[in-house]
Amino acid sequence: MFRMDDAQIAELRFHILDSMMDDAEDIEQVYLSTNRDEFCKEPAQPRFPLREIIDEMRLMLREGYIKADISNDEKQAPLDDINLMLFHHYWFSPTKTGKEVWQLWVSKNRR
């Protein structure tokens, strides 16, 4: 089974936040953006499996790093009471805290 260490989790969180910096994204777009570099190589295998991205996004939502901004179906997947079973109906963006964490990562790792 795939297990990530703390550095890999931090990097995944950066990629998740990075994918949302210009506008809200759904899980599919986060997955594609997070694995963009890997899909350009042969063999085209994702670096971060979808299950790891979803699990990490759920934690980031609970911890206040991201928020659900848009729902594809407000009746079924309301924004005021996130239904984790319908996570794929939401579009997410970083919170102020998430933007601060992203900025710290950028300043630390892109010198």
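Hydrophobic clustering (side-chain heavy atoms under 4.5 Å, transitive across Ile, Leu, Val, Met, Phe, Trp, Tyr) keeps Trp102 apart from Leu59. Met21 and Tyr65 fall within a single hydrophobic cluster, where Ile, Leu, Val, Met, Phe, Trp and Tyr are joined by side-chain heavy atoms under 4.5 Å apart, directly or via other members. Placement of Ile66 and Leu104 in two distinct hydrophobic clusters is found when ILVMFWY residues are connected by side-chain heavy-atom separations under 4.5 Å, directly or transitively.
Open room surrounds CG on Asp6; 12 or fewer heavy atoms of other groups in view lie less than 6.0 Å from it.
Between the CE atom of Met60 and the CG atom of Leu12 there is a distance of 7.5 Å, given to the nearest 0.5 Å. Here the CG atom belonging to Leu79 is positioned 4.0 Å from the CD atom belonging to Glu74, to the nearest 0.5 angstrom. Met57 contributes atom CE, which lies 11.0 Å from atom CG of Leu84 (distance to the nearest 0.5 angstrom). To the nearest 0.5 Å, atoms OH (Tyr31) and CD (Glu52) are separated by 12.0 Å. Within the model, atoms OG of Ser93 and CG of Asp22 stand 11.0 Å from one another, a figure rounded to the nearest 0.5 Å. Residue Thr34 holds its OG1 atom at 9.5 Å from CG of Leu17, rounded to the nearest 0.5 Å.
For residues 78-90, no pair satisfies side-chain hydrogen bond (donor to acceptor under 3.5 Å, both in side chains), with sequence neighbours left out.
For Leu61 against Lys67, the heavy-atom pair with the smallest separation is CD1-CA, 3.9 Å. Between Ile70 and Ala24 the shortest heavy-atom distance is CD1-CB, 4.3 Å. The two residues Gly98 and Pro94 make their nearest non-hydrogen contact at C-CB, 4.2 Å. Here the closest heavy-atom approach between residue Gly64 and residue Thr95 is recorded as O-OG1, 2.5 Å. Shortest non-hydrogen contact noted between Ile82 and Ala68 is CD1-CB, 3.5 Å.
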Please assess Leu50 against Ile54 for the test side-chain contact (heavy atoms from CB on, under 4.5 Å), listing each intermediate value before the final yes or no.
CA-CA 6 Å; Leu50 182 59; Ile54 291 171; 3.8 Å; yes
Using the rule given for side-chain contact (heavy atoms from CB on, under 4.5 Å), can you reason through Glu25 versus Asp23, listing the C-alpha separation, both sets of side-chain angles and the distance that settles it, and then say yes or no?
CA-CA 6 Å; Glu25 301 293 352; Asp23 58 3; 2.7 Å; yes
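Scored by the salt bridge (Lys or Arg N to Asp or Glu O under 4.0 Å) test, Glu56 finds Arg13 as partners (sequence neighbours excluded).
For the pair Asp18 (side chain) and Phe14 (backbone), a donor-acceptor distance under 3.5 Å is absent.
Using cut-offs of 30° and 60° for the angle between ring planes, the His15 and Phe48 rings count as tilted. Between Phe87 and Phe92, the angle of the ring planes lies from 30° to 60°, which puts this pair in the tilted group.
A donor and an acceptor atom, one from each side chain of Asn72 and Trp91, are located under 3.5 Å apart.
A salt bridge between Arg47 and Glu11 is present, with a side-chain N of the basic residue lying under 4.0 Å from a carboxylate O of the acidic one.
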